[in-house]
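None of the values given here were measured: they were computed from a predicted structure. Numbering of ligands and ligand atoms starts at 1, following listing order. Numbers here are sequence positions counted from 1.
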Amino acid sequence: MLTTSQIREAFLSYFEKNGHRRVASSSLVPAGDPTLLFTNAGMNQFKDTFLGREQRDYARATTSQKCVRAGGKHNDLENVGRTARHHTFFEMLGNFSFGDYFKEDAIRFAWELLVDVYGLEKERLWFSVFEGDDKVPADDEAAELWVKAGARPERVLRFGKKDNFWQMGDTGPCGPCSEIHYFRGDDLSKNVPELVNGPGDDTMEVWNLVFMQYNRNEDGVLHPLPAPSVDTGMGLERIALVLQKAHTNYETDIFASIMRRVEEVSGYKYRGDMDDDLDTAVRVLCDHARASTFLISDGVIPSNEGRGYVLRRIIRRAIRFGRKLPTAVLLTHLVDSVIEAMRDAYPELLSRRESVVKTLQSEEERFSRTLTTGMERVGQVLDDVRHRGETTLGGAEIFRLYDTYGIPIDLIAEMAEEEGVTLDREGFEVMMTDARAKAKASSKFALSADAATFAAIAEKVGRVEFVGYDQYSDVASSVKSIVVAGEERDALHHGTEGDVVLNPTPFYAESGGQIGDTGTLVWDGGRATVLDTQKPFGEMSVSRVRVDEGVLALNATVRASVPAIVRLDTTANHTATHLLHKALKDILGPAVQQAGSLVAPDRLRFDYTYHQPLTDEQIKAIEDAVNDKVRANLEVTKTVMPIEQAKQSGAVAMFGEKYGDLVRIVAAGEYSREFCGGCHVNRTGDIGAFKITSDRSLAAGVRRMEALTGRGAIEYFQKLEMNVQQLQQQLQEKQKQFDKEIKQLKVRMATGAASAQPAEESVDVGGVKLLAKRVDNITGGDLRNLADTFRSKLKSGVVVLGSATDGKVTLLTAVTNDLLDRVPANALIAKLAPIVGGKGGGKSDLAQAGGKDADKLNEALAQAPAALREMLG
Ligand code: ATP
Ligand code: MG
């Protein structure tokens with residue numbers, strides 16, 4: 001029995017043998033196609049090739065493509081777990097012909113692979129072809145070819161548009177398709193045509209061959225394509241189910257290790273304990289564990305919108321089903337078994353393990369909190385609805401539960417259903433649309449027309465050459481198209497804005513994180529400002545232009561410039577971003593993944609996956625590593641090479657980017673090597689300096705680092721230095737002020753204590769009032785002022801003050817005027833000073849002495865009455 005890996009390999013090598021190029025799966029996050037939520041078919045990565053917008057050096061390809069169908073146009077989420085054959089994440093095997101072979105070979109290949117290589121029983125196979133309608137004839141050709149290949153005529157069935165006609169969009173390539181269905185029941189008498197595209201999955205679709213035969217124009221008219229193409233898709237899990245005669249996809253070998261783990265953790269035996277609900281829960285867990293592991297590995301992060309929201313729903317759905325089992329199973333329990341099952345085909349999963357686990361963990365923790373409080377909340381709201389005697393939950397209320405409390409809509413729906421309450425989903429959608437519009441209104445500048453308008457222009461003007469890597473001043477260029485408010489114009493007048501296609505152009509269109517260039521256009525008699533540059537379609541670059549003088553005419557020759565300083569600053573920041581990326585990996589570990597970046601002339605920003613705050617040491621180490629490379633002045637080379645060679649060289653590619661066969665590799669010496677189309681310096685020394693200015697958490701498991709280079713970094717240092725100086729000055733001034741205040745307070749404390757009643761503290765010595773007092777830490781003028789105060793309060797008397805400050809002693813004597821003759825202050829001090837080892841001096845009203853013996857100060861004060869008595873005679 002073939003294993004899933006062998007089935008995959010057999011498919012790819014069969015087509016390789018038949019002249020197909022084996023191409024790697026692209027990321028689940030489609031590159032350059034914002035209209036597509038996830039890669040959902042093998043043909044996605046070849047869309048531009050089918051449309052003739054991209055040339056490849058092969059006309060046949062084969063892939064095993066990672067796909068997710070859990071949101072947007074292709075949404076199988078609610079089927080998963082309930083049918084045997086649907087997954088959110090699955091692998092689609094495909095073979096493609098780009099204008100090369102057509103129906104005959106496609107059908108022959110499919111038959112040969114299924115019957116001769118895989119050995120399927122012919123008796124179980126069914127084939128469907130398009131029955132035709134008023135515009136397109138029936139696909140008799142395909143029907144005949146199946147018979148020619150070996151099918152019995154009654155096994156070829158005809159179906160309508162819904163099943164057997166394919167189109168890429170409302171216009172563009174389209175054509176009939178032909179499906180292969182397989183009957184897998186035990187009882188061959190039940191192998192009847194009614195089951196094809198019928199109920200259940202005893203007979204199920206395994207492979208779909210699409211024949212791109214027509215091009216539909218805007219009026220809905222079909223024109224035959226000169227070189228029709230083929231696109232096929234076969235679910236790997238489904239063909240494995242068929243070949244392994246399994247009961248459902250989940251019982252094939254690829255799910256075995258995951259299934260085992262679910263049973264281990266839950267204590268529940270799948271299809272042994274015979275509980276349909278719980279069996280469904282097990283299948284949901286097996287599926288969602290793979291989907292979430294792959295999505296997170298491809299850079300998707302749980303969030304409230306777009307891809308992140310689908311991932312969040314998948315994780316939350318898994319948690320809800322996981323809680324039904326005897327012991328709750330979480331996706332974090334299953335990551336290792338997913339990696340074990342899938343690592344041979346997708347070895348990159350290994351290096352993403354940590355970020356997958358951490359992301360799941362934080363999402364699971366967050367959700368379990370939400371669930372607990374949310375279910376109570378929903379319960380209350382449903383109670384209210386019932387109390388009001390109603391049976392519908394209003395849109396605004398649903399929105400509030402969803403938006404404010406973060407309760408998933410499907411949980412609300414489920415609980416409501418249990419209570420017999422229906423949801424006003426339309427009302428909810430209205431609220432959602434409104435909220436989204438508000439969010440959008442605050443976002444950035446957009447071009448004036450939609451992608452389709454620019455696609456038409458691109459077709460007309462052909463390739464636009466970007467010369468801005470090395471020519472950005474005064475580039476001679478011609479105006480190829482002018483668009484205002486969605487319409488092409490012949491001219492753009494003074495004071496107006498429009499979108500202008502220039503060829504060649506020095507203006508870099510926003511991509512790979514580097515923001516769109518700004519600059520100027522000058523021409524005979526006028527000039528304009530370039531406000532932004534974007535790529536609304538394919539590689540065509542469009543600049544938003546405001547005319548400041550004169551008239552800008554279609555086909556005019558202009559001189560276009562990006563200010564040199566803007567370009568230099570941008571390149572410094574872009575190369576620094578690459579060095580930073582490498583330094584983060586070196587210092588924080590190889591699991592760190594780039595999650596986004598912004599390169600502007602004045603700053604750079606780098607989002608990366610990491611689950612805890614960085615320490616100051618780590619930040620410093622990263623900064624040092626980058627600055628080391630700046631000083632090493634490494635040469636920065638930009639080389640265009642075949643993608644295979646680039647991958648072998650170990651260059652780092654970005655998640656979700658789509659690369660053609662030829663890619664541009666930007667390398668800084670041997671240190672860093674990335675796929676990149678952006679503008680870079682010639683040597684790392686041109687970066688000048690690198691300074692990290694902030695690092696913070698952006699979402700669970702994702703951090704955002706901001707940094708400056710060159711001029712920006714120097715300005716930052718200068719500002720810092722100025723700030724430090726200003727701070728220092730301010731501190732010094734404050735300190736002075738404090739010192740002064742402290743002094744004043746000391747005096748006030750000393751006076752305050754005595755000023756209550758100095759007369760009462762004084763003693764009578766022979767009819768003269770004497771105030772002898774110790775007032776430490778008061779010196780100089782303060783001490784004299786204090787003496788003055790006491791003297792005047794005594795009115796008549798003698799004041800002796802002693803103060804010790806830092807081991808030095810001051811004695812001071814002061815005498816009121818009426819006593820000057822009897823007790824001259826200088827005579828009194830002469831008696832006391834020797835006690836503290838000093839000598840006094842001064843006048844009869846006020847005298848002072850310094851001394852060294854602080855220990856003796858109290859004694860000196862104690863001697864004052866005796867000395868005074870002596871003088872009084
Ligand atoms: P179905 O009707 O069974 O949902 P489909 O018509 O949506 O299939 P296609 O869009 O033709 O399928 O995709 C091509 C092939 O990819 C299918 O024949 C099937 O083998 C596989 N496939 C499609 N959707 C899923 C899915 N959700 N899970 C697993 N395999 C799938
Ligand atoms: Mg489908």
Under a 4.0 Å heavy-atom limit, does Val206 contact ligand 1 with its side chain, its backbone, both, or neither? backbone

Short list, please: which atoms of ligand 1 are under 4.0 Å from a heavy atom of Asn208? 11 (O)

State, to 0.1 Å, how close His20 and Phe96 come at their nearest heavy-atom pair, and which atoms those are. CD2-O, 3.9 Å

N/O separation below 3.5 Å, Arg85 to ligand 1: yes

Derivation of the ring pair (Phe, Tyr, Trp, His ring centres under 6.0 Å) call for Tyr402 and Phe428: CA-CA 10 Å; Tyr402 163 83; Phe428 171 70; 5.4 Å; yes

Atoms of ligand 1, numbered as shown, that sit under 4.0 Å from any heavy atom of Met92: 13 (O), 14 (C), 16 (O)

What about the rings of Phe130 and Phe159, do their centers lie closer together than 6.0 Å? no

Does Tyr182 form a side-chain hydrogen bond (donor to acceptor under 3.5 Å, both in side chains) with Arg238? I'd like the steps, not just the answer. CA-CA 10 Å; Tyr182 184 83; Arg238 286 197 195 173; over 6 Å; no

Evaluate Thr332 against Glu364 for side-chain hydrogen bond (donor to acceptor under 3.5 Å, both in side chains), listing each step before the verdict. CA-CA 8 Å; Thr332 31; Glu364 284 167 349; 2.7 Å; yes

Distance in Å, Glu348 CD paired with Asp298 CG, rounded so as to fall on 0.5 Å steps: 7.0 Å

So, taking the atom named CG in Asn215 and the one named CG in Asn217, what distance separates them when rounded to the nearest 0.5 Å? 7.5 Å

Mark up the atoms of ligand 1 that fall under 4.0 Å of a heavy atom belonging to Trp207, in ascending order. 18 (O)

For Asp76, the ligand 1 atoms with a heavy-atom partner under 4.0 Å come out as 24 (N), 26 (C), 27 (N)

Does ligand 1 have an atom under 4.0 Å from some heavy atom of Glu237? no

Side chain or backbone of Arg69 under 4.0 Å from ligand 1, or both, or neither, by non-hydrogen atoms? side chain

Which part of Met204 is near ligand 1, with near meaning a heavy atom under 4.0 Å away: side chain, backbone, both or neither? neither

If we set the cut-off at 4.0 Å for heavy atoms, which region of Arg238 has an atom near ligand 1: side chain, backbone, both, or neither? side chain

